[in-house]
Amino acid sequence: MPEAPTLIAEAIRFDAVGKTFPTRPVPLRAVESVSFAVRRGEFLAILGPSGCGKSTLLMMAAGLETPTEGRLERGGVELVGPHRQTGVMFQDATLLPWLSVLDNVLFPATIRRIPRAQVLEAAMRLIETVGLKGFEGARPHELSGGMRQRAAICRALVLDPDLILMDEPFSALDAITRDEMGDVLLDLWQHTQKSAIFVTHSIREAVLLADRVLVMSRRPATVAEELVVPFPRPRTPALADSAEFAAVVAHLRGVIARNMA
Amino acid sequence: MSATLAAPPRVHWLPLLVGAGVLLAWDLAVRWAHVPQVLLPSPGSVAASLWHAAPALARHALATGGAATGAFLVAVAAGMVLAAVMMLSPLLNRLLYPNLLLFQLLPKVALGPLFVVWLGIGLPSLFAFAVFVSVFPVAVGTLAGLRAADPNQLRMCRAAGGNDWQCFRHVRLPTSMPYVFAGAKVAATMAFTGATVGEFISANAGLGYMVMQAQARSDTPLIFAALAVLCVLGAALYGAVGLAEDAARRRWGTRR
Ligand SMILES: Nc1ncnc2c1ncn2[C@@H]1O[C@H](COP(=O)(O)OP(=O)(O)OP(=O)(O)O)[C@@H](O)[C@H]1O
Ligand SMILES: [Mg+2]
């Protein structure tokens, strides 16, 4: 796989990307001419109505689905399949139940045939950062839902990707755990220079975590609105309690409501 | 770690008690009703036969046990390979699977004489026959297990860069383990059925052969003795599969 030229300022670029599923009797148009780019180090959140095509968008970014129109560039090179420097998180933790937490975290290294010793230290550090220390040997069924998603975060980050794709990673969690996971992610994020695309239904999550928010239209998905989040970094979870934060959330809610009408 | 969810303690002596009761009833019935030995020997005479014929029984048990165990191992390996091939190649799947299901439905034991026609009397035909009758449950079971893999886990594997083979090896195969063992347990009993029937029709050694010989001499106690040894052998193989399953479950326990 060609290494990304460091001069490219964009981690990933969607160029008039469209996707039609060959369903019967009528083909299903899921994504319509979407163009946007994520800068290096930028955290992009995507909000949009259910079923509009957000997951489809993200699956194309992950190289798991191919666009039917347009083009995807990853670090200046056309994206043709799963990229080594991309980490992915799904709605469910999708840990393999027969592997320990540590082996699950190391799974991308296993697949990429990277010697365990080479990534073990990074894995242990991540596990400690997300608060799973002591659970390395546990099986997924022994963990709570939040702990499983913490392990999934570690797995997505273990090969030190420069782009991480997250499809509603906390939506299966209860509200309190969910906010807690947002804080974990925020904390983890401040110390890295990674790019991210984060699909969510939570406006709070989007505003707290993202540098920029895209609001998608109803299906087929197009970029309806774009909002730059006006809060400087580093941010703390306390930001979410401020009046300015509430104002931005309210504004976004208005944008989404207008968009759905 | 999962011991907290252990099943209630098993009571071993209850089924044993029932078994002993049946033996006692059998013995009493034979005594009181004066049933001829040729029809139904008493447990005592079966035990005596077990004792007297022990060396011959051991020799024939070794033949049957060896053939059945060997056939079982070949059937498990062949069944898994067959299932893997059908999983990885849609074309081969379409060609083979319907036939496999059809064979699964056939009374396969009835095909025994054909093996004698093809391979002659002796170990090769007997072995091939035992493999033949026991390979289907493994193949069908394994294929069901490979197909039961979680689509989300497969997608995760592909997102991590896994190719078809890696996702097969790291997701489908571990998922299939309980199914493989379910098939293997059926295969374990089928292998003994196959070996014994094979010996009925095509052998000069083994417990099945011994039963036929004893029958010709009207030595019913010896028939019972041979059957008892056969039961023990079958139970031993089944138990070994169970132990292997426990070990695999510790390794690939599929609870979420
Ligand atoms: N593999 C597929 N084949 C056919 N149709 C598909 C496929 N994947 C998605 N779709 C359709 O594409 C549309 C968009 O789906 P997608 O999962 O991208 O929506 P979403 O925005 O992620 O929704 P949600 O917010 O509920 O997760 C839906 O109508 C869905 O039925
Ligand atoms: Mg979705």
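In the text below, chain A, chain B and the rest are named by the order of the sequence lines, each starting its count at 1. Predicted model, so just to flag it, every value in this text is computed and none were measured.
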(Q) Tell me if the OH atom of B:Y238 is crowded by more than 12 foreign heavy atoms within 6.0 Å. (A) no
Q) If every non-hydrogen atom of B:A159 is compared with every non-hydrogen atom of A:P82, which pair is closest and at what distance? A) O-CB, 3.8 Å
Q | A:I111 to B:Q166 - nearest heavy-atom pair and separation | A | O-NE2, 2.8 Å
Q: Check the pair B:M156 / A:V88 against side-chain contact (heavy atoms from CB on, under 4.5 Å), numbers first and verdict last.
A: CA-CA 8 Å; B:M156 184 279 294; A:V88 185; over 6 Å; no
Q.
Other residues, nucleotides and ligands only: do more than 12 of their heavy atoms fall within 6.0 Å of CG on B:L16?
A. yes
Q. Minimum heavy-atom separation for A:P108 to B:A160, with atom names?
A. CA-CB, 4.3 Å
Q. With a cut-off of 6.0 Å (strictly less than), are more than 12 heavy atoms of other residues, nucleotides or ligands near CZ of A:F135?
A. no
Q.
How about CD on A:E78, more than 12 heavy atoms from neighbouring residues, nucleotides or ligands closer than 6.0 Å, or not?
A. yes
Q: With a 4.5 angstrom heavy-atom cut-off, could you sort out which part of A:L95 is near chain B: side chain, backbone, both or neither?
A: backbone
Q) When you look at CZ of B:R169, are more than 12 heavy atoms from neighbouring residues, nucleotides or ligands closer to it than 6.0 Å? A) no
Q.
Main chain of A:F90, side chain of B:R155: is a donor-acceptor contact present, judged purely on distance under 3.5 Å?
A. no
(Q) Testing the basics here: between B:V171 and A:W98, what is the closest heavy-atom pair and its distance to 0.1 Å? (A) O-CH2, 3.5 Å
Q: Can you tell which part of A:M89 gets under 4.5 Å to a heavy atom of chain B, answering side chain, backbone, both or neither?
A: neither
**Q.** A:F107 and B:H170, any side-chain heavy atoms less than 4.5 Å apart
**A.** yes
Q. Does any N or O in the side chain of B:Q153 come within less than 3.5 Å of the main-chain N or O of A:T94, such that one atom is a donor and the other an acceptor?
A. no
Q: Measure B:C157 against the heavy atoms of chain A and call it side chain, backbone, both or neither at under 4.5 Å.
A: both
(Q) Can you tell me if A:D174 has over 12 outside heavy atoms packed within less than 6.0 Å of its CG? (A) yes
Q) Do other residues, nucleotides or ligands put more than 12 heavy atoms under 6.0 Å from B:F200 CZ? A) yes
